[in-house]
Protein chains: 2
Amino acid sequence: MGMCIVNPTSQIGDRKVTSLSDGVAAPENARARPTMRHVAALAGVGVKTVSRVINGEPNVSAATIAKVTAAARTLDYQPDLHAGNLRRADGRTRTIGLLVGSVDNPFSGAVHRAVEDAALARGVAVFASSLDDDPAREQEAVSAFLRRRVDGLILTTISESQAYLAPELRRGTPVVFVDREPAGVASDTVVSDNLEGAAVATRHLLERGHRRLAYLGDRAEIRTAQARRRGFLDELGLAGIATRDIPVIENLHDIETARLAALALLERDDPPTAIFSAQNLVTIGVLHALRESGLQHAIALVGFDDVPLADLLEPGVTVVAQNPQEIGRIAAERVFARLDGDAGPAVRTVVPTRLIERGSGEIPPRERG
Amino acid sequence: MGMCIVNPTSQIGDRKVTSLSDGVAAPENARARPTMRHVAALAGVGVKTVSRVINGEPNVSAATIAKVTAAARTLDYQPDLHAGNLRRADGRTRTIGLLVGSVDNPFSGAVHRAVEDAALARGVAVFASSLDDDPAREQEAVSAFLRRRVDGLILTTISESQAYLAPELRRGTPVVFVDREPAGVASDTVVSDNLEGAAVATRHLLERGHRRLAYLGDRAEIRTAQARRRGFLDELGLAGIATRDIPVIENLHDIETARLAALALLERDDPPTAIFSAQNLVTIGVLHALRESGLQHAIALVGFDDVPLADLLEPGVTVVAQNPQEIGRIAAERVFARLDGDAGPAVRTVVPTRLIERGSGEIPPRERG
DNA sequence: CTAAGGCTTGACATCGTTGTCATGAGACGA
DNA sequence: TCGTCTCATGACAACGATGTCAAGCCTTAG
């Protein structure tokens, strides 16, 4: 074990060295993963010299660089980033953790893509996980990220408090909250203007004469959903509409529950003339329900968050669009600014929303009855 | 430096031990990340005992477990997975690398989600990267994964040959190719039945009487795109249609280029009566062009790969749907089977496609002129 | 000719953890 | 009472890399 034998033919350099061997030739088809010591032995230099060459450090002769490079290529050597990190001064893994709603939700995908683009430019890899609005998953994902020593976190959260992150924040790990604001800790946050966006959507319907509106939204415990609901209700209040009779249907977490809720709503004796759907999957569920009821041209709809192909539907779907690319871009920018030494107070960035009129939100109210 | 001072008040256990200190008290608000040695010192036990408790190894007394657990909680200790891996026998990082077309493409998102679900069940984290059909990005992503010592790879590829992976495969790293078959190496592969799917789409149009068809597809160098094109052309040949006059427009890589190509096609003197769009973004581009030309009810369309909200459009979009969830699920299953010791020959899994008739593919041919 | 300085290079300790092994305490049967 | 066994525990080396430091060589200036 670990026995050293002289094997002058197995080196690239010109000096005689002992080569690494277990005394048994490894079969060609199951070579072990080479380490720096293997490269050093093959090149006939010390491991530190290999380290210097691999990391492009100065003060290595051209001849040595050539020998080491050749040996590394011959062995298909890949440095072990984590072993290096253990000793390296900055201790950076060049890895960040990203927790989004679900990697197959278009909003999340756009955020993810923007984060990835920023990370790629800095040679940083991205762990991506789906939250699925499950508090346990949030904690597990964060824990999994931290055990892998990510340099920073970009998190969409669902649990009641993120106070469990306080020790990590004290250690200086950058954490940026996206889409939803944290509770119990202060850290950089990037969110859409949910309150104002919902108000804009609601005003849009009110201005077209609608008085019987309905709200369909996500889980009530999500602060983002609460803000959208409040924006909706506040605006009704400003318009002097009694919110007592306004249907506010919450806890719709996927297309199917939203569709069923919308169908039930449309079958009431006194259905609304306009619907505000406060999340992209909810909007899609409502679209299905309207279509099934043949009411897509009769009942107005404004959705919060854009929906794929919304412009190709008939009528086009009017939405208050978020800007997930921008959210992701800014979140990544915050993480990297912190890693670059920015020690200022927590920054809260509000990304504006944009009303996109496509038809469904411009349907006038029908007469009652 | 590294000086040890006795600090009997800073421990949870009952034995006197030297605590870790630099001789200077760290400020409360910038505590360094605790290691096992810190936990051991606080608990008044040896590091190996902490290791045993953290890893749930047997033969530790209940009292010791309690002390160590308390100390770990007090310090908010998180074990460093990579440091452990360095020494651990199996050397697994419990991490895999996933390379998809783009994390914001719905097909990729669905694959990603399925892989994540399988990985989560095993406590494995997923690095996700976007290929963007860029050969350089493929190599960089793979290299970034390997430097981080992922246990396995699930790859969508674009470069001409994946022979560069041969040494890694010899080392036993599981590699599964998804969506596109590799060249130059043999390894597990999970793909849709592109040839047959395209043939089904084409037959569907032929059976409805179309003779003037057109093909709009992705980059010609992508083998998957080649297979779809061949499926289309072969089927025309079988039907006795001269393929010389059939428009075959390739290298459409995003919605906008596809839209422009389709618009140009529709403005020809002799436009097709039916279109086969061979990729999801191309289908969306074609849908825009048809809509802009007011021809969505006049020209038949069958797309390869499903499109979000395809069922809500008018007409609904007929597609040959792939099954990205299944592709992702099987790919993950292959990786984990290999990690569990499956040393059998490379497996090629073909996931069937499914024709979904929604209206656009059932439009009959218009009379010429 | 010699001292000083710069350039190359490698030995060694170290990062945070786990595998190996030895040690000591207590239980148990003869 | 005494070995023998099991259990609980910690010292130490090792994993693959990098930081530190000293040594050797070669220039160059005095």
Side-chain angles (χ1 to χ4, degrees), chain A residues 1-2 13-18 20 22 32-41 43-68 72 75 77-94 146-149, chain B residues 1-2 13-18 20 22 32-41 43-68 72 75 77-94 146-149:
Chain A
M1 313 280 215
D14 51 356
R15 295 186 348 181
K16 299 287 175 262
V17 293
T18 56
L20 299 171
D22 286 349
R33 186 181 295 284
T35 71
M36 265 194 188
R37 285 168 59 231
H38 295 97
V39 177
V45 301
V47 286
K48 180 63 211 196
T49 298
V50 176
S51 171
R52 274 189 270 257
V53 173
I54 296 291
N55 293 291
E57 288 174 35
N59 298 333
V60 184
S61 73
T64 304
I65 291 177
K67 278 191 299 186
V68 171
L75 296 176
Y77 171 73
Q78 300 266 160
D80 183 326
L81 192 58
H82 294 113
N85 271 96
L86 210 50
R87 190 69 174 86
R88 206 187 307 271
D90 66 5
R92 297 273 168 85
T93 54
R94 306 192 79 72
L146 292 179
R147 276 196 301 271
R148 290 176 175 80
R149 294 293 186 266
Chain B
M1 317 280 212
D14 51 357
R15 294 185 346 181
K16 302 284 175 267
V17 293
T18 56
L20 298 172
D22 286 349
R33 186 181 297 282
T35 70
M36 265 193 187
R37 284 169 62 230
H38 295 97
V39 177
V45 301
V47 286
K48 179 65 212 198
T49 299
V50 176
S51 171
R52 273 188 271 256
V53 174
I54 296 291
N55 293 293
E57 288 175 34
N59 297 335
V60 183
S61 74
T64 302
I65 291 177
K67 279 189 300 186
V68 170
L75 297 176
Y77 171 73
Q78 299 268 159
D80 183 326
L81 191 58
H82 293 113
N85 267 85
L86 208 50
R87 190 66 173 88
R88 206 185 306 272
D90 66 6
R92 297 272 168 87
T93 55
R94 308 190 76 73
L146 293 178
R147 276 196 302 270
R148 289 176 176 81
R149 294 295 186 263

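All values below come from the heavy atoms of this structure, side chains included, with hydrogens, waters and symmetry mates left out. Proteins come first, then strands; the chains are lettered A, B, ... in the order of their sequence lines, and each starts at number 1.
In this model, the phosphate group of dC7(D) is not approached by any side-chain N or O of S61(B) to a distance below 4.0 Å at OP1 or OP2. The phosphate of dT9(C) has OP1 or OP2 within less than 4.0 Å of a side-chain N or O from T64(A). Distances shorter than 4.0 Å separate some side-chain N or O of T49(B) from OP1 or OP2 on dG10(D).
Summarising the geometry of A83(A) relative to L86(B), their closest heavy-atom pair is CB-CD1, 3.8 Å, with the distance given to 0.1 Å. Across all their heavy atoms, Y77(B) and T35(B) have their closest contact at CE1-C, 3.5 Å. Residue P79(B) comes nearest to I54(B) through the heavy atom pair CG-CG2, 4.0 Å, listed as atom of the first residue, atom of the second, then distance. Shown here for T93(A) and L81(A), the closest heavy-atom pair between the two residues is O-CD2, 3.5 Å.
Rounded to an integer number of Å, the gap from OH of Y77(B) to P of dG16(C) is 10 Å. Protein atom NE2 of H82(B) is 24 Å distant from nucleotide atom P of dA14(D), rounded to whole Å. Atom-to-atom, CG of D80(A) to C1' of dT17(C) comes out at 14 Å; the value is rounded to the nearest Å. When rounded to the nearest whole Å, the span between CD of Q78(B) and C1' of dT17(C) equals 15 Å. When the P atom of dA13(D) is taken as reference, atom CG of L86(B) falls 17 Å away, rounded to whole Å. Taking atom NE2 on H38(A) and atom P on dC15(D), their separation rounds to 10 Å, with Å as the unit. Atom-to-atom, CG of N59(B) to P of dA25(C) comes out at 18 Å; the value is rounded to the nearest Å.
For R37(B), taking side-chain heavy atoms from C-beta onward, the closest of the listed nucleotides dG16(C), dT18(D), dC7(C) is dG16(C). Proximity note for N55(A) (side chain, C-beta onward) versus dT9(D), dT18(D), dT17(C): the nearest is dT18(D).
Sequence order on DNA chain D of the closest nucleotides to V60(B) and R149(B) puts V60(B) first from the 5' end.
V68(A) is not listed as a side-chain neighbour of M36(A), based on a closest heavy-atom distance of 4.5 Å or more. Counting only heavy atoms from C-beta outward, the side chains of N55(B) and R88(B) approach each other to under 4.5 Å.
Judged by distance alone, the side chain of R148(A) and the main-chain N or O of R94(B) form a donor-acceptor pair under 3.5 Å.
Nucleic acid contact class of P79(A) (heavy atoms, under 4.0 Å, all strands): sugar-phosphate only.
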Using a cut-off of under 3.5 Å, enumerate the N/O to N/O pairs linking the protein to nucleotides 19-24 of chain C.
unit_1  : atom_1 : unit_2 : atom_2 : d
dG19(C) : N7     : K48(B) : NZ     : 2.9

